[in-house]
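Letters A, B, ... mirror the listed sequences (proteins, then strands); counts begin at 1. In this text, all values refer to a predicted model and were calculated from it rather than measured experimentally.
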There are 2 protein chains.
Amino acid sequence: MGVFWRNGYKATSVSDIVRETGLNTASMYKEFGDKDGLFLETLSHYRNHIIGPRYQILIDNPNLTGVEMFLKNVFLGAAKQEYKGCLMMNHLAQKHVVGVDAAQKIEAFCAEIESLIEIALKNAQSEGDIGSDKDTSQLASFVVFCVHGAVLYGRHDTKKPIIPKFYDTVMRELRR
Amino acid sequence: MGVFWRNGYKATSVSDIVRETGLNTASMYKEFGDKDGLFLETLSHYRNHIIGPRYQILIDNPNLTGVEMFLKNVFLGAAKQEYKGCLMMNHLAQKHVVGVDAAQKIEAFCAEIESLIEIALKNAQSEGDIGSDKDTSQLASFVVFCVHGAVLYGRHDTKKPIIPKFYDTVMRELRR
DNA sequence: GAGATTGTAAAATAATTATTTTAAAATGTC
DNA sequence: GACATTTTAAAATAATTATTTTACAATCTC
């Protein structure tokens with residue numbers, strides 16, 4: 001997964017994958033069909049094991065209180081990813097490159113976490129933590145954009161991700 | 001430029017470029033050396049003719065007043081780009097793929113517009129349009145991130161860019 | 001443990017893509 | 001208008017990369 005994450009679908013050769021994973025070329029083709037199939041599987045794995053767990057608490061507790069603490073964790077989790085950004089988001093600009101199946105998968109994933117966050121925001125709203133005039137759908141987009149798009153913008157020279165900087169901004173926007 | 005913009009450096013073949021530009025293959029190699037040289041030239045062109053003009057007003061008027069109007073124009077300009085995102089930003093996550101020259105060029109460009117915006121924000125601050133307690137450097141990062149990173153996050157299904165949504169958020173953050 | 005099945009390494013093939021060459025057409029120079 | 005230079009289209013080559021095959025080792029079944 002690492003190579004796809006770092007260099008993107010097209011710039012990742014099958015040899016790279018074989019080298020990195022130790023997988024056998026033939027086994028790989030038998031298991032996943034082709035490079036595209038492997039990429040789809042990678043997306044699923046990323047969703048289920050890397051990002052998923054971070055949002056699992058929202059699934060487990062549909063009435064979760066304390067969005068603030070949750071968001072802080074999500075931001076920090078994203079900031080730790082060695083500045084590689086979000087595997088899915090890094091491919092959002094490349095729908096034609098990754099193919100339609102992968103593009104759909106990525107978009108479905110984004111929609112999914114967006115609606116999870118929206119539910120959490122609505123809860124917070126009904127508890128008075130967020131003003132009743134707020135557009136929770138728009139705020140949810142904004143949160144997803146800042147969390148999953150932001151490492152992209154981490155500078156290579158400073159080697160520092162920019163996400164933590166944005167956490168405060170997002171929180172102010174929620175509380176305003 | 002279009003192909004690079006839409007599909008990224010690695011997924012763009014020389015044939016694609018030749019087809020799109022009508023350029024002759026041999027002339028292309030004579031003029032730019034190789035694909036990489038052409039990409040570097042593309043980045044320069046993008047900077048000088050596509051994005052540059054949008055920020056030119058900041059260079060021409062170091063004491064520009066009315067950041068708000070300026071920012072609005074920048075947001076709208078970005079939102080119009082056929083949802084391809086920012087050519088440079090789309091490559092930020094791929095420093096190893098595009099090579100070190102291109103990566104440096106992209107980062108220099110980002111730093112440049114960030115500091116232009118920071119100057120404008122400082123002016124606004126000294127005129128009282130922005131609170132004196134604000135960290136203009138951080139705000140500038142935030143603006144660049146929202147303007148140049150946001151189309152990335154426009155959904156393919158809805159075909160709508162998300163940038164306009166963020167304009168309000170950014171303005172609130174400035175005025176807060 | 002013989003025989004069937006599965007996994008593996010390495011080489012072979014196929015497909016794509018970057019770059020160069022070639023020979024002709026276009027253009028410029030005197 | 002003849003000659004030199006430059007541009008162009010097309011084919012040729014080189015390099016890379018995706019996929020398949022082959023021959024063999026490991027594992028499993030009875």
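Between the side chain of B:Trp5 and the main chain of B:Tyr46, no donor-acceptor pair closer than 3.5 Å is present. Judged by distance alone, the side chain of B:Lys35 and the main-chain N or O of B:Thr12 form a donor-acceptor pair under 3.5 Å.
Within residues 8-17 of chain B, the residues that have a heavy atom under 4.0 Å from DNA chain C are, in order of number, B:Thr12, B:Ser13, B:Val14.
Taking atom CG of residue A:Asn24 and atom P of nucleotide D:dT19, one finds them 15 Å apart after rounding to whole Å. Residue B:Asp34 contributes atom CG, which lies 5 Å from atom P of C:dT19 at whole-angstrom precision. One atom, NZ of A:Lys35, and another, P of D:dT16, lie 16 Å apart when rounded to the nearest Å. Per the geometry, CD belonging to A:Glu31 stands 19 Å off P belonging to D:dA18, to the nearest Å. Per the geometry, CG belonging to A:Leu23 stands 13 Å off C1' belonging to C:dA9, to the nearest Å. One atom, NZ of A:Lys30, and another, P of C:dA9, lie 16 Å apart when rounded to the nearest Å. Whole-Å rounding puts the B:Asp36 CG to D:dT16 P distance at 15 Å. Straight-line distance from the CE atom of B:Met28 to the P atom of C:dA18: 8 Å, rounded to whole Å.
OP1 and OP2 of D:dT7 both lie 4.0 Å or more from every side-chain N or O belonging to B:Ser27.
A donor-acceptor contact under 3.5 angstrom links the side chains of A:Ser141 and A:Glu114, judged on distance only.
Ring geometry for B:Phe4 against B:Phe39 counts as perpendicular: the plane angle is over 60°, on a 0 to 90° scale with 30° as the lower cut.
Under the 6.0 Å cut-off for aromatic ring centres, A:Tyr55 and A:Phe109 do not qualify, their centroids lying 6.0 Å or more apart.
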Could you walk me through whether A:Ser13 and A:Asp16 pass the side chain to side chain donor-acceptor pair (under 3.5 Å) check?
CA-CA 5 Å; A:Ser13 74; A:Asp16 290 338; 3.3 Å; yes
